[in-house]
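Scroll down for the structure; my scribbles are underneath it.
None of these values were measured; they are calculated from a predicted model. A note on names: the letters A, B, ... follow the listed sequences, proteins ahead of strands, and every chain is numbered from 1.
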Number of protein chains: 2
Amino acid sequence: MVLFAANGYEGTSLNDIAAEVGIRRSSLLHHFPSKQILYGEVFEQLVSDWFARLGDAVISSDTGWDKAEVVLNAGFDFFADNADYVCLVRRAALDGSTHLTVDIASVLRPMFEKSVAYFEREMAAGTFRRHDPRQLLITGYGALLSWFSDAAFVEGLLDIDPLGPDALAARREHVIGFFRAALVG
Amino acid sequence: MVLFAANGYEGTSLNDIAAEVGIRRSSLLHHFPSKQILYGEVFEQLVSDWFARLGDAVISSDTGWDKAEVVLNAGFDFFADNADYVCLVRRAALDGSTHLTVDIASVLRPMFEKSVAYFEREMAAGTFRRHDPRQLLITGYGALLSWFSDAAFVEGLLDIDPLGPDALAARREHVIGFFRAALVG
DNA sequence: GTCTATACCGCGATAGAC
DNA sequence: GTCTATCGCGGTATAGAC
C-alpha cells in the first residue's frame with residue numbers, strides 16, 4: 001500500500017486508507033478486524049511477490065558472474081518497479097518487529113542460504129575473489145535498497161530525480177560494475 | 001534522542017519523552033514550543049556532531065587508499081557509537097522532508113563534493129579503478145548505514161547480534177576489504 | 001456489505017495556579 | 001519551571017439501521 005510506504009505505519013490512518021479506496025473507515029474495519037491485521041496482509045502479499053520474482057532469477061541456469069548479474073538485475077528491476085515496497089521493507093526493518101505479522105528474515109532465509117552456498121562454490125572454484133558471502137549479500141542488498149529508500153536524500157545530494165529513467169540506468173550500471181570489479185576484478 | 005530513533009516521529013509521543021526525562025508533558029512544551037521544533041533541535045545537534053567527526057577524518061593528510069580507509073573507518077566508528085542516530089537519519093530519508101527543519105543533504109553537500117573531487121583525482125591518477133564517484137559514495141554510505149539501520153533484519157538473517165563486538169569487527173573488515181577490492185583490485 | 005452514529009482513548013497544545 | 005486541568009482533534013473500534 002502506497003500510504004504505508006510513504007507515511008509509515010503510525011503516519012497512516014484508517015481514514016486515509018478508506019479515503020483512497022473510496023469507502024468509509026468503518027467499512028474498512030468490516031473487512032479487516034484491525035489496522036495491524038490489514039497491514040500484515042498488505043505486507044505479506046508484497047513479500048510473496050518479491051520472493052516469487054527473486055526465485056525466478058535464482059533458478060536461472062547461468063553460472064559464475066553471469067548468474068550474479070542476472071540476480072542483481074532482477075532485484076534492481078523489482079525494486080525500480082516497486083519503490084514503495086522498498087520503503088515499506090526499510091520501515092519494517094527499522095521498526096524491528098513491531099506490528100509485523102510475518103518475519104521477513106525467516107521467509108528470505110532459505111534463499112539467502114542458497115545464495116551463500118552459490119558464492120562459496122564460486123569462490124572455492126576461483127571464479128570470484130574471496131569475500132565473506134553473507135556480508136557480501138547484505139552489502140548488495142544495502143546497495144540496491146538504499147537508492148530507492150533514501151530517494152529523497154539522493155535527490156537533494158545529486159539534484160536529479162533518482163527514479164527517472166536516466167538515473168535508474170546510471171545506478172544500475174554502477175552497481176553491476178562495482179560488484180563485478182570487487183568480485184572478478 | 002533514543003525514542004525518535006526507535007519509534008519514529010509519529011511513533012513517539014510527548015508523553016513518552018516526558019516520562020523518559022522525568023517531567024510532565026506540559027513542562028516539556030515549556031522548553032520547546034512544539035513537537036516539531038523539539039525534533040528539529042535534536043536532529044540538528046546530531047547532524048553537526050556527525051559532520052564534525054567526519055570532517056576530522058577528511059582532512060587527514062593521507063592519500064590514495066589510505067585516506068579512503070581512514071574515512072571509512074571514521075564513518076563506521078561514528079555509526080557504531082551512534083546506532084540510534086543511523087536509524088534517525090534513515091527515517092528522515094524515508095520520510096522525505098516532512099517535519100524536518102534542516103535538510104541533511106544540503107548540509108552534507110560540501111563534504112560530498114570534496115569527496116567526489118578526491119576520487120576523481122585518484123582515478124585520473126590511476127590509483128583507483130574507474131567508477132562514478134557520486135554513485136560510489138552513495139554505495140559506500142548505503143553499505144555503512146544498512147548494517148545498523150536494519151540491525152533487526154540482519155539479526156534474523158544471520159542469528160547474531162549485529163551490534164556485538166565480534167559482528168562489528170567482521171562487518172568493518174568486510175566493508176573495507178570489499179571496497180579495496182573494487183577500487184584497487 | 002456499506003453506511004451513520006457513537007464510545008472511548010491518547011495525542012498535541014493552552015491556560016492558570018503554585 | 002513545573003504542575004493540574006482542560007480543550008479540541010483525530011485515532012481505533014463497536015453497535016445497529018438499511
Could you tell me how far apart B:I23 (CD1) and D:dT4 (P) are, to the nearest whole angstrom?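 Atom CD1 in B:I23 sits about 12 Å away from atom P in D:dT4.
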B:S27 side-chain N/O to D:dG1 phosphate OP1/OP2 under 4.0 Å: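 So the side chain of B:S27 is outside the cut-off, no N or O lying under 4.0 Å from OP1 or OP2 of D:dG1.
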Are any of B:H30's side-chain N or O atoms less than 4.0 Å away from OP1 or OP2 of D:dC3?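 So the side-chain polar atoms of B:H30 never come under 4.0 Å of the phosphate oxygens OP1 or OP2 of D:dC3.
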Test B:Y85 against B:V47 for side-chain contact (heavy atoms from CB on, under 4.5 Å), laying out the working first. CA-CA 9 Å; B:Y85 172 61; B:V47 168; 3.8 Å; yes
Could you tell me which residues satisfy salt bridge (Lys or Arg N to Asp or Glu O under 4.0 Å) with A:D166, sequence neighbours excluded, listed by chain and number? none
Candidate pair A:Y141 and B:F153, rule ring-ring contact (aromatic ring centres under 6.0 Å, His included), full reasoning: CA-CA 11 Å; A:Y141 139 97; B:F153 177 65; 5.1 Å; yes
Taking only distance into account, with no hydrogens and no angle test, what donor-acceptor pairs under 3.5 Å do side-chain atoms of residues 171-185 of chain B form with protein atoms, sequence neighbours excluded?
residue	atom	partner	partner atom	Å
B:R171	NH1	A:Q135	O	3.4
B:R171	NH1	A:Q135	OE1	2.9
B:R171	NH1	A:T139	OG1	3.1
B:R171	NH2	A:T139	OG1	3.2
B:R171	NH2	B:A143	O	3.0
B:R172	NH1	B:N73	OD1	2.6
B:R172	NH1	B:D77	OD1	3.2
B:R172	NH2	B:D77	OD1	2.6
B:H174	ND1	A:T139	OG1	3.4
B:H174	NE2	A:L136	N	3.4

Step through it carefully: locate the ring centre of A:F78, locate the ring centre of A:F148, and say whether they are under 6.0 Å apart.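 Here the rings of A:F148 and A:F78 have centres that are no less than 6.0 Å from each other.
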With the sugar-phosphate defined as primed atoms, P, OP1 and OP2, and the base as all remaining atoms, what B/S/- string results for nucleotides 7-14 of chain D, 5' to 3', for protein heavy atoms under 4.0 Å? ----SBBB
